[in-house]
Amino acid sequence: MGATVTGATVEVVEEGPFRFRIPRRGSMRVPGVVFASRALLPEAAGDQALQQVVNVATLPGIVEASYAMPDVHWGYGFPIGGVAATDVADGGVVSPGGVGFDISCGVRLLAAPCERDALLPRLGQLMDALDRRVPRGPGRGGVWQIGRTELEKVLVGGARHAVERGHGVARDLARCEDGGALPGADPGQVGVRAVERGLGQVGSLGSGNHFLEVQAVDTVHDRAAASAMGVRERQVCVMIHCGSRGLGHQICTDHVRTMDRAAARYGIEVPDRQLACVPAGSGEGRAYLGAMAAAANYARANRQLLSEAARDAFEETAGYGLDLVYDISHNLAKIETHHVAGRAVRLCVHRKGATRALPPGHPDLPDGLAAVGQPVLIPGTMGTASYLLAGVEGGGAWHSTCHGAGRVRSRHSAAREVDGRALRAELEARGVAVRGASWRGLAEEAPRAYKDIDAVVRASEGAGLCRRVARLVPLGVVKG
DNA sequence: ATGTGC
C-alpha cells in the first residue's frame, strides 16, 4: 500500500483496509497500529489521539504494538479506544491512564420474553416505572444503601455478592465476565475518600454517556450466534451502560498521584505525566491492580443492582422478567496469558474504551457460548443504534474490539449547539421515549457529538476484530 | 467519566 495520510504531526501509513501503521520513531518501542477507515481516523482540530498512540508506544515492556480501535479519540494519557499490553516479567508497566477514570465502565444486555409490538402499548408505563427506580445524574444516591462492611464485600465479590444477597439469580453470573467478580481485589488499597464516595452510589447510572435503554432487535446479522446468546429479531432488550461512579474516579486519581511520584525510582520516564506508570509487579503496581479490581467489582455490582431495578419495572408493568445475555467491561487492565513469538507470556493488557472479544473455543467462555465466541456489547449514542457483536478467531490487539461511537464534539460544544428540550421532542417524535435527568445532560449527549456507530462497527468487523451478531434500536432511554 | 474547575 504505502499511501500516507498526513496527520497533525504523526505519520500514518495505510497498510490495508481498516488498518494503518504509525512507524516506530524516536523513543517508541513498538509501532502504532490503528484499526479504522480513513473517515474514522481522528482529525478533529486539537484531537491528540494519534499522538497518544505514539506516546503509549514508549511505555516500558510494551509488546507488539500500541493499538487503537476504530472509535479512538483523545483521552487522559492513553487515547480512548486504546489497547496496550506489557510483559509483566520484563518490567512491563501498569498505568491507570490505560484504564481510565471510570474503572470497569461497561455494558450489560438483558433480553425480555416479548416482541417490540407487544410492548409498545405499555411502553410509557414501563418508562415511568424505570424513571422512578433508576437513580441517575451526577452525585445522587443508588438503589442499595449499604455500610462499610457490606461495601467491602461488594469490592471483593462484585455481582456475585449482589446475587448472594438476593439481587439476581445464579444464572446471571455465568453470563458475566469473570463470573461477576474479578479476582485479586484488595479493598485495603481503596482510600477513605473513594470509600466515602462509593458508599451511597451502588445501583446508580451516573451521567455523561451512561444510560439504561429499552431496545428492540432491529437486524440479526448472525442467526446462529444470536440464538446461542438468547436474542432474536424484534425482541425487546434492556441495555445498561454505567461504571464505578465516584469510587473508581477517586481510585484513579489517588493511584495516578502515587505513581507520578514513584515512577522515577523505577527509572521510568514518560512523554506525558498523564501516562504515570510503574512496573505491574512492583508494590505500587500491585496496589493499583488490587484497587482497580475492587472498583471493577463495584461496577459489576452496580450493573447487577440496576438490572434488578429494570426487572422489577418489567414485572410491575408487563408481568415478566429479563434474562441476562452478557455483561462486559470496556475500561480495564487484566493480567492475561497470550502467545508472543510462539511463547506463552503473562501480559498486562490495558483496554481503555476497548472491549475484550474472546474467540470461539476460548476456555473462559461460559457453557453454550463456546461455539460462537464471547458476546461484545457496544452502546450507541442516545437515540441511535447499539450492537451485539462476537469475538472472532485471529482477532488482533489481544482479542479486543471497539467500545462505542466515540465522541467527536466536546460536551461544551454540544451543549452550546443543542437545546435539550428540542432534542427530547425530536426523539419522542421518532418514537423514542426519553426520561432524562437534566436538559443540559441531554444536550451534551446529542447524537451529533459522536461518530457514526454503524461505521465504527463496520470498520471493527472489516479489521477482523469481531463480527456483527445483532443491531438494536432504542424504544426508550433513561438518561443520566 | 467525575461532589465536571490549580
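Note on naming: letters A, B, ... go to the chains in the order of the sequence lines (proteins, then strands), and numbering restarts at 1 for each one. All values below were derived from every heavy atom in this structure, side-chain atoms included, with hydrogens, water molecules and symmetry-related copies excluded.
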Exercise. Can the ring centres of A:His241 and A:His330 be said to be less than 6.0 Å apart?
Worked result: yes
For this session: May I ask you to verify if any side-chain N or O of A:Ser207 is less than 4.0 angstrom from the OP1 or OP2 atom of B:dT2?
Result: yes
Problem set entry | Any side-chain donor near an acceptor of the partner, A:Ser204 and A:Arg140, under 3.5 Å | no
Exercise. Can you check the A:Gln201 CD to B:dT4 P distance for me, whole Å?
Worked result: 12 Å
Problem set entry | Parallel, tilted or perpendicular: rings of A:Trp144 and A:His161 (30°, 60°) | parallel
Exercise. Rounded to whole angstroms, how far apart are CZ on A:Arg257 and P on B:dT2?
Worked result: 19 Å
For this session: For A:Gly208, report the nucleic acid contact type (base, sugar-phosphate, nothing); a contact means any heavy atom under 4.0 Å.
Result: sugar-phosphate
For this session: In whole angstrom, give the distance that lies between atom CD of A:Glu445 and atom P of B:dT2.
Result: 10 Å
Exercise. Counting just side-chain N and O atoms, does A:Arg245 come under 4.0 Å of either OP1 or OP2 of B:dT2?
Worked result: yes
For this session: Using atom CZ of A:Arg193 as one end and atom P of B:dT2 as the other, report the distance to the nearest whole Å.
Result: 16 Å
For this session: Report the distance from atom CD1 of A:Ile251 to atom P of B:dT2, rounded to the nearest whole Å.
Result: 14 Å
Seminar exercise, completed: Separation of B:dT2 atom P from A:Phe101 atom CZ, nearest Å, is 12 Å
Exercise. Counting N and O atoms only, with roles assigned by atom type, does the side chain of A:His350 sit under 3.5 Å from a partner on the main chain of A:Ser95, one being a donor and the other an acceptor?
Worked result: yes
Seminar exercise, completed: Atom CD1 of A:Ile103 and atom P of B:dT2 are separated, to the nearest Å, by 12 Å
Problem set entry | Nearest-angstrom distance from the residue atom CG of A:Leu247 to P of B:dT2 | 12 Å
